[in-house]
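In each ligand, atom 1 is the first atom listed, and ligand 1 is the first ligand listed.
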Amino acid sequence: LLNCRVQTVVKDLKNLGFKNITNDYIINKEYIELILQEYNYEIPSSTSSITSTNVYNELKDPLNPKLLESRPPIVTIMGHVDHGKTTIIDYLRKSSVVSQEHGGITQHIGAFQVTTPVSKKKITFLDTPGHAAFLKMRERGANITDIIVLVVSIEDSIMPQTKEAIKHIKNSGNQLIVAITKIDKIGNMKEREKKIEKVTNDLILNEIMVEKIGGDVQVIPISAKDGENMDLLEESIILLSDMMDIKTENSRNTMSEGFVIESEMKNTIGNVATILVRKGTLNNQSILLCGNTYCKVRSILGDAEKKVPKALPSQAVEVSGWKELPHVGDEFIQVKSEAIAKKYISKREALIEVEKNASRVDKLNDERYAESIRQKEAKNKDELDEDEDETTTTNVSIGPKLVNFIIKADVSGSAEAIEESIQDLGNEEVQCGVISSSVGVPTETDLKMAEISNSEILCFNLENLPNDVINNKHGVSVKKFNVIYKLIETVVEILENNMKKTF
Ligand code: GDP
């Protein structure tokens, strides 16, 4: 393409400072651009900035300031385990979530809307998970949040996960309201006041600018058990959101946008996703583009699992009609036709392939470079020590041992969170390899894949695993978990067992 001989290019590359150049050296995109410049070729600038992560942005319309209107605030509840997050959600939802959860830990994100008792305005609550291993999902949750309610128990005050949440709130730039929970547990009013004072002072020590010291963070003492001040908490959220002036565009022609907060395969209706609308109105038959999949909206279910005709901004609904399960935390955008959705998915897939190749090429060149250094060193050693047995010099290290796993979970949010929690576990001797992570009971393909890749299968929140899966004919180990930290502990143990024993 450059119109010159390979030898000339190789020579020029050496002159440009490239090391170890051979005829089959594979060049990545950045280097190609540099070389093209050397040969005075124009680089098409429009293509270089489009990546698989931003390729859909060109389909988005910027917000039109003239069409902006208020939308309900989206609220996340955070705080230390057992400080009362689920009980607040439960109170607000008026259903009994606490008793259903394994070990009282909320395992995946859901969302629901309430109408406040006094001002009759709407608030959307995201039901975020409370466990540290779900940090990644929580980060995603918080990105789509306007306000965070930090819960602090009147009995314990600030605990490790409260501090972690405070750090997160500061980083995310979200607005904050503090709820001091379980006040009903201190019956004596004087004692109660004293304890509230103590928690407030602890908040100040953690640099929370509460109203007491002239800041703007409201502190509301509540009891989610008997409902005391719960209405005040809801109205405080409305007060804050009015001050924040939360707005979006929602005209007849606005194309909707939002986030996936949960996704799941349902036996009766296929792939469904809970999505949170941030802009525009979502209607039946709308075409939604999201990651590597799209959806022609077949049905919309509201809070109470009832069919609704549409979803307005800040509303969370369950949508069916997805070709594949979308990923939790991914953004969706509405497009005009299935053809556009398909075209952009192919465009994104092509970009992913190019990006993968680029990093593969980098790795390959690095490996070749390392290998050539190793060969040189081996040669030097040979020359220095001619008596040494030839075979010992070729004994090169091949990096950490990979211990493989396949993850199967009840919902894609959990599968992704587990993958992210374990994939970086390991050291220079053993590394965790995640072959695949997906939703549902392990299939015959999963078992075959595990056999071939020498993986163990880790199942999360999957009840009633069939016997022929657990005692499968492939001899694959299938382990069951309901609590995430138990799963992580087991993975660490397996990795440790795979390390060479040193005495
Ligand atoms: P989470 O881990 O933050 O979701 O905490 P939970 O909501 O599961 O609450 C932990 C325990 O504290 C449960 O036994 C609740 O019944 C109890 N609890 C939560 N809020 C209150 C409250 O306002 N008053 C009282 N007395 N108990 C509460």
Using heavy-atom distances only, which candidate in [options] approaches [atom] most closely?
atom	options	result
atom 18 (N) of ligand 1	H80, K182, K225, E228	K182
atom 7 (O) of ligand 1	I88, T87, I222, V81	T87
atom 24 (N) of ligand 1	V151, D184, T86	D184

Considering the heavy atoms of S223, write down every atom of ligand 1 situated less than 4.0 Å from one of them.
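So the atoms of ligand 1 that pass are 23 (O).
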Begin from the C-alpha positions of K120 and E234 and carry the test salt bridge (Lys or Arg N to Asp or Glu O under 4.0 Å) through to its verdict.
CA-CA 10 Å; K120 304 288 176 212; E234 290 176 60; over 6 Å; no
Interatomic distance, I269 atom CD1 to E318 atom CD [nearest 0.5 angstrom]
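Reported value, rounded in 0.5 Å steps: 5.5 Å.
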Do any N/O atoms on [X] end up under 3.5 angstrom from N/O atoms on ligand 1?
X	value
D82	yes
G84	yes
A224	yes

Could you tell me whether D245 and K247 make a salt bridge, using a distance below 4.0 angstrom between a side-chain N and a carboxylate O?
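So D245 pairs with K247 through a salt bridge.
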Could you see which bit of H83 sits under 4.0 Å from ligand 1, with heavy atoms only: side chain, backbone, both or neither?
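Within the 4.0 Å criterion, H83 contacts ligand 1 through backbone atoms alone.
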Would N498 and K401 count as having a side-chain donor-acceptor pair, cut-off 3.5 Å?
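A donor-acceptor contact under 3.5 Å links the two side chains.
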For a quick check under 3.5 Å, do Q315 and T124 share a side-chain donor-acceptor pair by atom type?
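No, no side-chain donor-acceptor contact under 3.5 Å.
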Any G79 heavy atom less than 4.0 Å to ligand 1
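Distance cut 4.0 Å: G79 fails for ligand 1.
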Between F125 and F112, ring centroids under 6.0 Å:
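Close enough - the centres of the two rings lie under 6.0 Å apart.
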Please lay out, stage by stage, how K473 and D468 fare under the test salt bridge (Lys or Arg N to Asp or Glu O under 4.0 Å).
CA-CA 8 Å; K473 59 180 189 288; D468 56 351; over 6 Å; no
